[in-house]
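Note that the coordinates shown come from a computational prediction; the quantities given were computed from them, not determined experimentally.
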Amino acid sequence: AAKVEQAIILGTPYLGAPQVIWALRSGFKGMNDWTSKIKYLDLAIQTLVQNYPSVYQVVPSKRYWDVTAGDWFCKNGSAYDWHELLNLLVREHNLILPLLAQQLHLVVDDWENLPAGTAFRFIVGSGREDTPGGLREEFRWPWDGGTRWDIIPTNGDGTVPLASASLQGNGFNY
């Protein structure tokens with residue numbers, strides 16, 4: 001920190017982006033019209049992302065729950081808390097990567113201990129009220145379209161929720 005005059009940071013999803021859960025669970029199935037035109041693209045994306053450490057690092061952290069008051073991930077009508085979602089990821093996707101990602105968040109999410117004397121400049125997108133701030137996953141029978149995904153919208157840049165990128169929360173505004 002003594003050698004850094006200022007840090008300029010662009011739209012980083014510090015606390016995560018709920019949209020990544022969609023990729024892990026369905027490969028973004030039903031998200032964009034263009035994906036449905038490329039046969040098997042959803043399955044390919046879903047298969048590839050299961051073993052990418054960076055994907056799990058963008059899964060919203062416990063701090064995201066704290067800042068947004070939770071209830072942003074629902075499955076079949078039940079709201080999951082942070083521990084339930086973490087267990088779901090370990091049980092159904094990858095045994096190790098979700099846990100390693102949460103270790104990273106223990107460091108990244110510690111805003112109170114940012115280096116003193118270093119200016120932080122955040123360039124953060126906002127004004128897109130359709131940014132996925134949460135997801136609802138609902139199982140439907142295959143003949144009824146399979147799993148349905150609904151976005152819980154929030155303010156952000158279209159991908160990263162403002163609450164995740166702006167380092168705001170718990171009375172701090174960096």
Short question: side chain of Ser164, backbone of Leu15 - any donor-acceptor pair under 3.5 Å? yes
Side chain to side chain contact (heavy atoms under 4.5 Å, CB included) filter on Leu106, not counting sequence neighbours, yields none
Gln103: partners by side chain to side chain contact (heavy atoms under 4.5 Å, CB included), with sequence neighbours left out: Leu100
His93 meets the side chain to side chain contact (heavy atoms under 4.5 Å, CB included) criterion, sequence neighbours left out, with Leu24, Arg25, Gln50, Tyr56, Leu89
Considering residues at least two apart in sequence or located in another chain, which fulfil the side chain to side chain donor-acceptor pair (under 3.5 Å) criterion with Asp157? none
Only counting residues at least two apart or in another chain, list the ones meeting side chain to side chain donor-acceptor pair (under 3.5 Å) with Asp150. Arg148
Residues clustering with Leu10 (ILVMFWY side chains joined when closer than 4.5 Å, directly or via others): Ile8, Ile123
Counting distance only, does the side-chain N/O of Thr68 pair as donor-acceptor with the main-chain N or O of Tyr64 below 3.5 Å? yes
Side chain to side chain donor-acceptor pair (under 3.5 Å) partners for Asp81, two or more places apart: none
N/O donor-acceptor pair under 3.5 Å between Thr147 side chain and Phe139 backbone: no
Name all residues meeting the side chain to side chain contact (heavy atoms under 4.5 Å, CB included) criterion together with Ile152; count only those two or more places apart in sequence or in a different chain, and write none if there are none. Arg136
State yes or no: do Val108 and Ile9 share one hydrophobic cluster built from I, L, V, M, F, W and Y residues joined by side-chain heavy-atom distances below 4.5 Å, directly or via other members? yes
In short, side-chain hydrogen bond (donor to acceptor under 3.5 Å, both in side chains) pairs touching residues 69-80 with sequence neighbours left out are none
Side chain to side chain donor-acceptor pair (under 3.5 Å) with Ser61: which residues, sequence neighbours excluded? Asp109
Which residues satisfy the salt bridge (charged side-chain N to carboxylate O under 4.0 Å, His left out) test with Arg128, sequence neighbours excluded? Asp130
Take Trp82 and Phe73 through the side chain to side chain contact (heavy atoms under 4.5 Å, CB included) test and state the conclusion after the steps. CA-CA 9 Å; Trp82 179 78; Phe73 181 76; over 6 Å; no
